[in-house]
Each structure stands twice: as C-alpha cells, then as structure tokens.
2 protein chains.
Amino acid sequence: MTIKKIAQLANVSTATVSKVINGKDKYISEATKLKILKIVEQEGYVPNGIAKSLKIKKTKTIGIIIPDVMNLFFSELARGVEDAAEKRGYTVILCNSDNKESKEEKYIQMLQEKKVDGIIITAPENRTHQSIKIQDIPLVLVDRDIGTQTDQKIGRITVDNRDGAYKATKYLIENGCREIGMISSNYKNKPSADRIKGYEKALDESNINIEQNKIFLENYTIESGYNGAKKILKETEVDGIFCGNDLIAIGAIKALREKDIRIPEQVKIIGFDDIQISQYMDPPLTTIRQPIYQMGEESVKMLISLIKNKGKNLEKVLQTKLIQRGSA
Amino acid sequence: MTIKKIAQLANVSTATVSKVINGKDKYISEATKLKILKIVEQEGYVPNGIAKSLKIKKTKTIGIIIPDVMNLFFSELARGVEDAAEKRGYTVILCNSDNKESKEEKYIQMLQEKKVDGIIITAPENRTHQSIKIQDIPLVLVDRDIGTQTDQKIGRITVDNRDGAYKATKYLIENGCREIGMISSNYKNKPSADRIKGYEKALDESNINIEQNKIFLENYTIESGYNGAKKILKETEVDGIFCGNDLIAIGAIKALREKDIRIPEQVKIIGFDDIQISQYMDPPLTTIRQPIYQMGEESVKMLISLIKNKGKNLEKVLQTKLIQRGSA
DNA sequence: ATGAAAGCGCTAACAT
DNA sequence: ATGTTAGCGCTTTCAT
C-alpha cells in the first residue's frame, strides 16, 4: 500500500491524501477527508517513513552511544533517553561502545548513514582526544568532555560531582565521624577530580586534616573498594569512608566485614551513584544519588533544541541527592 | 555531498560511483576506481542510507521491544541482540513497553513506519491474546508465546525451564536436603508452569512427597520471596528452597536471616536466572543461569534467517546451567 | 568499461 | 478545495 494506491481508491490526488494523513487538512472538505481516512483504515495503510524522511530530510531518529547497557548506570540513562524521545515522537538507536574508540567511530559512521537527527554520547572517562568528527549532526555529551569543533552544535549535561562529594563527606562529619577515609578512582577526568575536591572541602571546613594514608585511589570497581579498605585499615584508623561510587562501597563493606567491623556503628560507609543493587545490600547503602534517568531526559530535550536550531552551545548541570539508608 | 557531486568531480556517471562504492566494481577500470575512491575520501562523503533504503527496500535495521532495559534480564538480552546485530551490519532500535499492550502497539506502528526489516519481541508473561498484527515483517518471540498468524514469518526462542528447575531441585537433594520448599510465581504461563513441573519431577524421582504447605506461588519479586519464606517457615520445616528466580531468592534469604537461620548450613537456597547482582549477595547466590545474552544472539540469527527467507517457522530451545556459589 | 534514465514513496510549491 | 509535478539520493537495467 502506497499513498498513490490510496489516492486511486479515493479518486483524489496523492497531494490530497498526503495532506489528510499529515493533518494539513485545513482546506480539505470534510467529505473527502472522511473518504480518505476510511480507505486508509480499511487498507491498513502505514506511511513509508523512509520515503518521507528522504523528502523532508529529517528522520525523527536519534542515536545514543553508551559503553554498555548492561551497566546499571547506562541502562537507566538509556531508559531516560528512550522515554523522553518516544514522548516527542523520536525513535532511538542504541549503540554499545565498550569505551572503545574504534567502536565509537564505527557507530558514528553508521548513524550518519542512517541520517539520525542527532546523537547522544557518553563515557565514564572524559577523553581528551577529538575522535568525534561529525559533520553537522547535533551532539549532546553526557558526563563527558571533548574539545568543541569549529561550529558544531553541541550540548553538555553534567552532574555537580563536587557538591555531591561534599554533601557525602559533610554527612559523615555531622554524624560524628572525624577520621574519614576516601576510596575512589585515579582517573584523570573532571568527575573524578571533582569528587576528591568535594571531599577535601568538607574536611577543610571542619578543620579536619587531610591525611594521604586515609585516601586510596584506583578504579571504580568492587575490587578496588575491597583493596582500598584493607589498605586503609592496615595503615590507620577510620570511623567513616566516602566511596567514589557504589561498587567501591560494596567492596569496602566486604573488607570491613572480614575484620568483623560493624557498619555503621564502628565505621560508616557512604557511596555515590545509587545504582539499583545498593538498596538490596546488607546493610542497604547510604549514598549520593545521581539523577541518571533525568540526565537521559535532559539530554534529549537539549538535543531536540539543538536539532530545532535553538542555540548551538547548551549546557546543563544537574544536582545530586543524599539517600539515607543503613550504611551511614 | 551526494553521489551526484562525487560523479561530477570525478567526471563519471552516478552509476559508476555507485558501483565503486558498493564494491560491484568487477568491470570498472582500476584507474577510475582509484580516482573515485580518492574523491570520496577527500570530500568525506557518507552515503545516504535513507535514499538507499528507499530504493532497495531494506533498512538493515531491526526493532527490539522489551518491557524495560533497566531490568537486568532485559538489558543483557538487549546487549546480546545489539552485539549480534552489529556484527551482521544491522542497527537496532530499542523500545521499552513496560509490558503495556498500548505501548507495544504504538511501537510496532512506529517500527513499521521506519520499515525495519524485522522485530524481536519479548515479555515475561506469555500473553495469549493476539495483539500483534504485523503485516509482513518477520518476528522473533523470545520467551513468549502468541498464536501464529496466517502465514507470518515467525521464530521462537525459549529456554528449557523444566529442566532448569529439575536441575536445581535435584542439586538440593543431592546435597542432603529432604524437606524442599519452592517459592515462585503464580503466573499462568509456560515458563512458570514448567519450573513447577521440574521441581515436582525431581521430588518424585527421589520419592519425596510434594507438600502444598512447602510451596508458595506469588510474584517474581523480592517481596514475594520474603513473604513466601516467612509463610513456609511458620507452617512447616525446610532444609532447602528452590526459588523461581533470583529476586525471590534474595527476599527469601532476607527472611531467613531475620530468624537467624544460617545459609547454607541450615537451609540451602537456590535461585533461577543468574542476574548480575546475584554474585554480590551475601552469601553469593547459587542459581540456575539462563543463557540470556545468548538468547539475544540467537534471536537475531533467527530473525536474519527469516528476513533472508530461510524458513518461516523457526524454533530454538536453549539450555540452562547450574552456577554453584555460596547459598547452596 | 561506462552511462542514461527510470523509479523507490513521499512532500510541497504552485497552479487551478 | 484539489491537482500537477519536480525532486529528495540512490540503485539497477539496459544500452553503448
């Protein structure tokens, strides 16, 4: 079924059918409108979006490139993106890059061929290189920073990591901790650096010394959390630990358990992210929630603004929230 | 940049450019081939896939409709699908239905307009209704059963749930359990029914009576697991529980903990699915792993067979695997 | 070894 | 209020 066949069946031109289908029927008589709609219904006609896209040069499709949907952070982000896109009549193509530049580039090529209207891209490590050479496709970077191209339309969504870390550490202090450790990542990117700054600021404000043997920086993994807690415990004493993300917190808790240290009575643990499993841990994790779903939503809102030519260099910083549970 | 511009720059026809770009260059002289390729490279030309799709009536795109990417089961499935699709030059459009028929239908309409070459659809509950009226688009159902249409191309991927449940229960028996409970869902679908059958078969084989007060059927949730374990504990005694999925197992463990029952010494717990969090629980969950990622892969293989007209009613049953960890 | 031209299904400017 | 028509960028048949 094509618009042409519908037109024949209705004894009208394709133009008329097109107008009716697309609601541009101001000047169409009620009679023909009804007649056409009826035939469309009867024949189960579905417009060919490909042909339409070719003509109007819009696909109402966006691409999202994330490292891995199986990672809870990114699946939530993807859900936020998908919901927001669907609500606005957009369809989303999902790409998993595993943080590999080669995969990213391959996907970007594919998305360009598919003529997506825009791309949302994210990565935990903020690459410095400029691997993304995209012609005129609007781009939104989530939690990521790359050098701006000449005059590409770019948007950025980030989270106030410094404030989040500050709130976490402050919370420990307010709950009586004075010997506060930190376990986080040693990545050289802004989110990681900001989490350290927030931790230090909170200690400074309360006149607590920053001691290097209470700080362990490695990776955002359970293993690093475990290693970090063991090392800190061996070298010094703590009554609270701020963990750079929830996985680290889970690892740290495991290490403390092995030493029969009670949480939160003896040592309080606070994480960052609020991934889904955190609430099911034992004890349930107190943590700093990142508005992940909302980041997804905001990134499509921003992307669509860019697509519709409203601005060309947008930026938005979202705030975190302390979620109080059992570990601190 | 279009193929036409490239043709002009190279002083050849669009037909020649098209042939070179698509590798159909058997009869093209090396000289012109090189000339064209060089210009393509210089100009950074990217073919317009939309125009191509309109012409060849293939989009190299498939749609996947799942309830929710944030659910670990489905994110893993989506990853399997995406990887397998990418490997074969296909792009995937992701849709979250929340198990709502209205959303499914809306997405199916969208996917039809986008002229996807095929659709993969899945749901935890096997609907009996025939909501899916898709014209000629090949369809693969994952873990789901709907009545076959007239002569639609359909594939089905399922897991041998009965055998999985049998293995789980058998394992408990082999490890000394004689009073074995079951907590699962009361959904009226094949996977759920099969899990019950597998449990009963294992008990039968070992001449253990099936006792209704050791069985609790509700939902596939942590809460149901918690409720189920409490109820069973109140009414009877058990030394092992087969849980219909891992969430239930997590809830059951919580209930046992509250009664200071040691796992696995006093009661052994085995789950089903092997979702990601299971390995991080305390104790780590012994469970029956479903080959979720593989289901995703198999479903695109099957879908592409259908698209390429190899068969029109395919079926594949995958097997489960016992993962031994700390809870049983 | 290369090119001319039709046509995929649609939209929209313009004509009537 | 409705119709004519060009053209979006590409592939492919058929000619040469």
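All chains are named by letter (A, B, ...) in the order of the sequence lines, taking the proteins before the strands, and each is independently numbered beginning at 1. Reckoned from all heavy atoms, side chains included, excluding hydrogens, waters and symmetry mates.
Listed nucleotides D:dG7, D:dT2, D:dG9 differ in distance to A:Lys55; the shortest reach to its side chain belongs to D:dG7. With C:dA4, C:dG9, C:dT2 as the candidates, the nucleotide lying closest to the side chain of B:Ala15 is C:dA4. For B:Tyr45, counting side-chain heavy atoms from C-beta on, the closest listed nucleotide (D:dC10, D:dT12, C:dT11) is D:dC10. Listed candidates were C:dT2, D:dC10, C:dA12. Nearest to the side chain of B:Asn48 is D:dC10. With distances taken from any side-chain atom of B:Lys57 to the nucleotides D:dT11, D:dT4, C:dC8, the minimum falls on C:dC8. For B:Lys19, counting side-chain heavy atoms from C-beta on, the closest listed nucleotide (C:dT2, D:dT11, C:dC10) is C:dT2.
Checking the phosphate oxygens (OP1, OP2) of C:dG9, no side-chain nitrogen or oxygen of A:Lys5 falls inside 4.0 Å. In this model, the phosphate group of C:dG3 is not approached by any side-chain N or O of B:Thr14 to a distance below 4.0 Å at OP1 or OP2. Regarding contacts with the backbone of C:dT2, a side-chain N or O of B:Thr32 is found under 4.0 angstrom from either OP1 or OP2. Residue A:Ser18 has a polar side-chain atom (N or O) positioned under 4.0 Å from OP1 or OP2 of C:dT11. Checking the phosphate oxygens (OP1, OP2) of D:dG9, no side-chain nitrogen or oxygen of B:Thr2 falls inside 4.0 Å. Remark: A:Ser53 is not in phosphate contact with C:dC10, judged by side-chain N or O atoms under 4.0 Å from OP1 or OP2. Put simply, A:Thr16 has a side-chain N or O that comes within less than 4.0 Å of OP1 or OP2 on D:dG3. Distances shown here put every side-chain N or O of B:Tyr27 at or beyond 4.0 Å from the OP1 or OP2 atom of C:dG3.
Among the heavy atoms of the strands lying under 4.0 Å from B:Asn11 are primed sugar atoms or P, OP1, OP2 only; no base atom is included. Within the nucleic acid shown, A:Leu54 comes within 4.0 Å of at least one base atom, counting heavy atoms only. At a threshold of 4.0 angstrom between heavy atoms, the contacts of B:Lys52 are confined to the sugar-phosphate backbone, with no base atom among them. The residue B:Lys24 sits close only to the backbone: its heavy atoms come under 4.0 Å of sugar-phosphate atoms, none of a base.
Between B:Lys33 and B:Glu30 there is a salt bridge, with a side-chain nitrogen of the basic residue lying less than 4.0 Å from a carboxylate oxygen of the acidic one. At a threshold of 4.0 Å, the pair A:Asp83-A:Arg79 counts as salt-bridged, since one of the basic side-chain nitrogens sits closer than that to a carboxylate oxygen. Salt bridge A:Lys106/B:Glu86: present, at least one basic N to carboxylate O contact under 4.0 Å.
Atom-to-atom, NZ of A:Lys60 to P of C:dT11 comes out at 14 Å; the value is rounded to the nearest Å. Here D:dT12 presents its P atom at 14 Å from CG of B:Asp25, a figure rounded to the nearest Å. Rounded to a whole Å, the CD atom of B:Gln112 is 16 Å from the P atom of C:dG9. Atom CD1 of B:Ile56 is separated from atom P of C:dG7 by 19 Å (rounded to the nearest Å). Atom P of nucleotide D:dG7 and atom NZ of B:Lys4 are separated by 9 Å, given to the nearest angstrom. Spacing between atom CD1 of B:Ile6 and atom P of C:dG3 amounts to 15 Å, rounded to whole angstrom units. Protein atom CD1 of B:Ile21 is 16 Å distant from nucleotide atom C1' of C:dT2, rounded to whole Å. Rounded to whole Å, the distance from CE on A:Met1 to P on C:dC10 is 11 Å.
The number of heavy-atom neighbours closer than 6.0 Å to NZ of A:Lys4, taken from other residues, nucleotides and ligands shown, is 12 or below. No more than 12 heavy atoms of other residues, nucleotides or ligands lie within 6.0 Å of CD in B:Glu41, so this atom counts as exposed by the packing criterion.
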(request) Evaluate the criterion side chain to side chain contact (heavy atoms under 4.5 Å, CB included) for residue pair B:Ile3 and B:Tyr45; output intermediate values, then yes/no. (result) CA-CA 8 Å; B:Ile3 214 174; B:Tyr45 168 73; 4.0 Å; yes

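Side-chain atoms of A:Ser53 come within 3.5 Å of backbone atoms of A:Lys58 as a donor-acceptor pair (strictly under, hydrogens ignored).
Projected onto DNA chain C by closest heavy-atom contact, A:Ile3 and B:Lys26 fall at different nucleotides, the more 5' of which corresponds to B:Lys26.
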